[in-house]
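To start, the structure itself, in structure tokens.
In listed order, ligands and their atoms are each counted from 1.
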Amino acid sequence: MSEFNPQDVVVVFVLGGPGAGKGTHCARLVRDFDFVHLSAGDLLRAEQNRPGSQYGQMIAEYIKDGKIVPMEVTIALLRNAIEQSLKDRADSTATGWGNGKGRFLIDGFPRKMDQAVKFEEDVVPAQFVLFLECTEELMLERLLRRGEHSGRADDNIESIKKRFRTFVETSMPVVDEFRTKNKVVSVDSMADIDTVYDNIRKEFVQKLQ
Ligand code: UP5
Ligand code: MG
């Protein structure tokens, strides 16, 4: 049995290639729907920088190579973050919160089939998956531009190419698997940010009814 009941703890996986716009749109969904945004990449980068972390060096190497960090680490970080938010917001009167309830956007996870299975079995099954569709050409352009000031160790052409390869070979099969279960909401992420978000927002209004 999973730790949480999906009726109480609503999880939406937000997937899409590197630079597809996951973080950008999660920020807007937080504003409009009272979600807590948990970016697996951000949690890993924070753990990497935490003084005394036994995983810091390993995480840095995996991220630079665009490889997927062993799932035990990522799932533990996500589980802790969910538990902490539920504690912090136990008395919240926001929509979807209070009395052990909460709603979470899990951004950039699961990126490998075994992670999806393990998370849904142990933590909580996702309500649905938001998939942001974008061409590699456009994602490359966005990431190189962001790389001019992001300070991210993987926003350089060598790492970006490796991230794209991992996405195609390892992460797309996860999306395809969720598709066979009719759990995927696909949104074209190639237009300007406002247009893309408008379509995402409409889907969420329907899904969260
Ligand atoms: N932008 C966004 N949308 C735009 C639009 N419509 N028009 C014009 N510009 C747009 O956006 C990227 C850039 O594009 C921004 O400058 C934005 O303004 C612009 P962003 O919203 O940041 O895209 P996002 O999809 O979040 O891109 P990100 O680079 O974060 O995606 P990744 O999936 O590559 O990165 P993540 O942080 O999730 O993972 C990094 C690494 O961590 C992985 O490669 C892996 O090594 C490791 N990892 C794991 O090992 N396990 C995990 O479970 C997760 C990560
Ligand atoms: Mg991101």
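By the criterion of a heavy-atom distance under 4.0 Å, the side chain of R152, and not its backbone, is placed next to ligand 1. Contacts of R45 with ligand 1, taken as heavy-atom pairs under 4.0 Å, involve the side chain alone. Only the side chain of T74 comes within 4.0 Å of ligand 1, judged by heavy-atom distances. Heavy atoms of K22 found under 4.0 angstrom from ligand 1 belong to the backbone as well as the side chain. The side chain of L143, and not its backbone, has at least one atom closer than 4.0 Å to an atom of ligand 1 (non-hydrogen atoms only; side chain from C-beta on). At a 4.0 Å heavy-atom cut-off, ligand 1 touches L44 through the side chain alone.
Considering backbone and side-chain atoms alike, D155 places every N or O at 3.5 Å or more from each N or O of ligand 1. Polar contact check, G19 against ligand 1: a nitrogen or oxygen pair lies under 3.5 Å apart. Remark: ligand 1 and S39 share no N or O pair separated by less than 3.5 Å (distance only, no angle test). Between I68 and ligand 1, a contact under 3.5 Å exists for no N or O pair. Checked by distance only, ligand 1 and R163 come closer than 3.5 Å through their nitrogen or oxygen atoms. At least one N or O atom of G23 sits closer than 3.5 Å to an N or O atom of ligand 1. Taking any N or O of Q115, backbone or side chain, none lies under 3.5 Å from an N or O belonging to ligand 1.
Ligand 1 has at least one atom lying under 4.0 Å from a heavy atom of A191. At a 4.0 Å cut-off, not a single heavy atom of G16 sits close enough to ligand 1 to count as contact. The shortest heavy-atom distance from G17 to ligand 1 is under 4.0 Å.
A donor and an acceptor atom, one from each side chain of T195 and D198, are nowhere located under 3.5 Å apart. Looking at D88 and Q84, their side chains do bring a donor and an acceptor atom within 3.5 Å of each other.
In this pair, W97 and F104 present their aromatic rings perpendicular. The plane angle is above 60°, beyond the 30 to 60° band.
The distance from ligand 1 to the heavy atoms of A40 drops below 4.0 Å at these ligand atoms: 52 (C), 53 (O), 54 (C).
More than 12 heavy atoms of other residues, nucleotides or ligands shown are found within 6.0 angstrom of NZ on K183.
Remark: the backbone N or O of N49 is not paired with any side-chain donor or acceptor of S53 at under 3.5 angstrom.
With sequence neighbours excluded, the residues forming a ring pair (Phe, Tyr, Trp, His ring centres under 6.0 Å) with F119 are F13, F109, listed by chain and number.
Counting only non-hydrogen atoms, the option in M71, E148, R142 that gets closest to atom 1 (N) of ligand 1 is R142.
Nearest heavy atoms, H25 versus L132: CD2-CD1, 4.2 Å.
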- Task: Take V196 and D188 through the side-chain contact (heavy atoms from CB on, under 4.5 Å) test and state the conclusion after the steps.
- Result: CA-CA 7 Å; V196 174; D188 179 338; 5.6 Å; no
- Intermediate values then yes/no, salt bridge (Lys or Arg N to Asp or Glu O under 4.0 Å), R50 and E47: CA-CA 5 Å; R50 188 173 64 80; E47 175 64 22; 3.0 Å; yes
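Taking the six-membered ring where the residue is Trp, the centroids of F204 and F128 are separated by under 6.0 Å.
I193 belongs to no hydrophobic cluster, as no Ile, Leu, Val, Met, Phe, Trp or Tyr side chain comes under 4.5 Å of its own.
For atom 20 (P) of ligand 1, the closest non-hydrogen atom of the protein is T24 OG1, 3.6 Å.
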